[in-house]
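Single-structure report; data block below.
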Amino acid sequence: MKLILASNNKNKLREFRQLTADMDVEIISQREAGCDFEVEETGTTFEENSFLKADAVTKATGIAAIADDSGLCVDALGGEPGVYSARYCPREGATDSDRYNYLLTKLENVEDRTARFVCCITCTMPNGDVLRTRGECEGYIMREPHGEGGFGYDPVFHPLCVDRGMAELSPDEKNAISHRGKALRDFIKKLNEYMEKQQCR
């Protein structure tokens, strides 16, 4: 089965392909599918934004599309940066390090540093069917970055279930506990069930 990842993010594409390596699924990027457009993320939840992206690509191509919207939610900041995680910095052209350093500045004198990564995956089918999953990874924000792996806020996030920061984990270790790994494994289960039902019709 061919799925279009409604994103041109190379890191996300790599993670999706790693987690579906044992399946009879081919995942291609939005650019590889000829969709040279960006979908405006106007939703107020991760679920809404992931649907907007997948739905736009399916409508443009007639092929099943999968999209995720993910981000970091910090309790002491009322859930910020949340759906604005990729744009959470007043600096023009901000990098990942700009964003997580901005977050560290906002938490400089804050004791409660509990947080979680959230990932919502939506798959839209050409016939109008929709599959949805959600995964979360609980942890806390460290006081300084650690590690060279991962991307986004990984260098400042410490999952509760391991003794290292997210950016200090190998790709396999990260996939085993990450919000995206959990959501994608649940999605794979739902996709297999969906494909079996389609074959029985």
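These figures come from a predicted structure and were not determined experimentally. Along the sequence shown, residues carry numbers from 1.
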Output for pair (Leu72 CG, Ile141 CD1), nearest 0.5 Å, gives 4.5 Å

Examine Val118 and Phe187 and state if one hydrophobic cluster contains both, with Ile, Leu, Val, Met, Phe, Trp and Tyr joined whenever side-chain heavy atoms are less than 4.5 Å apart. no

Any donor and acceptor pair, going by atom type alone, linking the side chain of Asp96 with main-chain N or O of Gly152 inside 3.5 Å? yes

Salt bridge flag under 4.0 Å for residues Lys182 and Glu136: no

Under a 4.5 Å side-chain heavy-atom rule over Ile, Leu, Val, Met, Phe, Trp and Tyr, are Ile121 and Val25 clustered together? yes

Can you get from Val156 to Tyr140 by hopping between Ile, Leu, Val, Met, Phe, Trp and Tyr side chains that sit under 4.5 Å apart? no

Checking side-chain polar atoms at under 3.5 Å, does Tyr88 have a donor or acceptor matched by the opposite partner on Lys106? yes

Less than 4.5 Å apart, side chain to side chain, heavy atoms only: is that true for His146 and Glu144? yes

To the nearest 0.5 Å, atom CD1 of Ile63 lies from atom SG of Cys35 at 8.0 Å

Please check: side-chain N/O of Gln30 versus main-chain N/O of Phe37, any donor-acceptor pairing under 3.5 Å? yes

For Ser85 and Arg99, the nearest pair of non-hydrogen atoms, with its separation, is O-CD, 3.3 Å

So if you build clusters from Ile, Leu, Val, Met, Phe, Trp, Tyr with side-chain heavy-atom gaps below 4.5 Å, do Tyr153 and Leu169 land together? yes

Presence of salt bridge, Arg87 and Glu41, under 4.0 angstrom: yes

Please report the C-alpha distance between Phe51 and Cys123 in whole Å, then the side-chain angles of each, then the deciding distance to 0.1 Å, and finally whether the side-chain contact (heavy atoms from CB on, under 4.5 Å) criterion is met. CA-CA 8 Å; Phe51 173 78; Cys123 180; over 6 Å; no

Arg180 side chain to Cys119 main-chain N or O, any donor-acceptor pair under 3.5 Å? no

Locate the shortest heavy-atom distance separating Val110 from Ala76; write the atom from each residue and the value. CG1-CB, 3.7 Å

Asp154 side chain vs Phe151 backbone, donor-acceptor pair below 3.5 Å: yes

Are Ser170 and Asp172 close enough that a side-chain donor and a side-chain acceptor fall under 3.5 Å? no

Whether Asp55 side chain and Val57 backbone form a donor-acceptor pair below 3.5 Å: no

Report the distance from atom CD1 of Ile27 to atom NZ of Lys2, rounding to the nearest 0.5 Å. 12.0 Å

If we ignore hydrogens and angles and just use 3.5 Å, is the side chain of Arg113 paired with the main-chain N or O of Met142 as donor and acceptor? yes

Glu168 vs Met166, side-chain contact (heavy atoms from CB on, under 4.5 Å): CA-CA, chis, key distance, verdict: CA-CA 5 Å; Glu168 297 176 283; Met166 191 73 98; over 6 Å; no

Between CG of Asn49 and OG1 of Thr44, what distance do you get to the nearest 0.5 Å? 8.0 Å

Ile66 CD1 to Phe16 CZ distance, which is reported to the nearest 0.5 Å: 4.5 Å

Leu13 CG to Glu32 CD distance, which is reported to the nearest 0.5 Å: 6.5 Å

Shortest non-hydrogen separation from Phe46 to Cys120 and the atoms involved: CB-SG, 3.5 Å

Start with the C-alpha distance between Asp98 and Thr95, add both sets of side-chain angles, then the distance that settles side chain to side chain donor-acceptor pair (under 3.5 Å), and finish with yes or no. CA-CA 5 Å; Asp98 290 331; Thr95 63; 3.1 Å; yes

Can you list everything that forms a salt bridge (charged side-chain N to carboxylate O under 4.0 Å, His left out) with Glu48? Sequence neighbours excluded, please. none

Please check this pair: side chain of Asn8 against backbone of Arg31, looking for a donor-acceptor N/O pair closer than 3.5 Å. yes

Show your reasoning for whether side-chain contact (heavy atoms from CB on, under 4.5 Å) applies to Leu5 and Ile28. CA-CA 6 Å; Leu5 177 63; Ile28 64 173; over 6 Å; no

What are the two closest heavy atoms between Pro81 and Val74, and how far apart are they? CD-CG2, 4.3 Å

Angle class for the Phe157/Phe117 ring planes (parallel below 30°, perpendicular above 60°, tilted otherwise)? tilted

I'd like to know if the side chain of Glu193 and the backbone of Lys190 have a donor-acceptor N/O pair within less than 3.5 Å. no

I'd like to check the side-chain contact (heavy atoms from CB on, under 4.5 Å) partners of Ala64; sequence neighbours left out, ordered by chain and number. Met1, Leu3, Met125, Pro126

Please walk me through it: do Thr114 and Asp112 pass side chain to side chain donor-acceptor pair (under 3.5 Å)? CA-CA 6 Å; Thr114 56; Asp112 178 11; 2.8 Å; yes

Minimal non-hydrogen separation, Asp129 against Asn127, with atom names: N-OD1, 2.9 Å

Is a side-chain N or O of Thr58 found less than 3.5 angstrom from the main chain of Thr124, in a donor-acceptor match? yes

Looking at Asn175, is its backbone amide N or carbonyl O close enough to the side chain of Arg185 to form a donor-acceptor pair, meaning the two atoms are under 3.5 Å apart? yes

At their closest point, which heavy atom of Ala67 faces which heavy atom of Ala54, and how far apart are they? CB-N, 3.6 Å

Please determine if Glu111 and Arg143 form a salt bridge, counting it only when a charged side-chain N lies under 4.0 Å from a carboxylate O. yes

Same apolar cluster (I L V M F W Y, side chains within < 4.5 Å links), Leu77/Leu104: yes

Is there a salt bridge (Lys or Arg N to Asp or Glu O under 4.0 Å) between Asp68 and Lys53 once you walk through the steps? CA-CA 8 Å; Asp68 89 312; Lys53 291 183 282 189; 5.1 Å; no

Start with the C-alpha gap between Ile177 and Cys161, add the side-chain angles, then the distance that decides, and say whether side-chain contact (heavy atoms from CB on, under 4.5 Å) holds. CA-CA 8 Å; Ile177 65 164; Cys161 55; 3.8 Å; yes

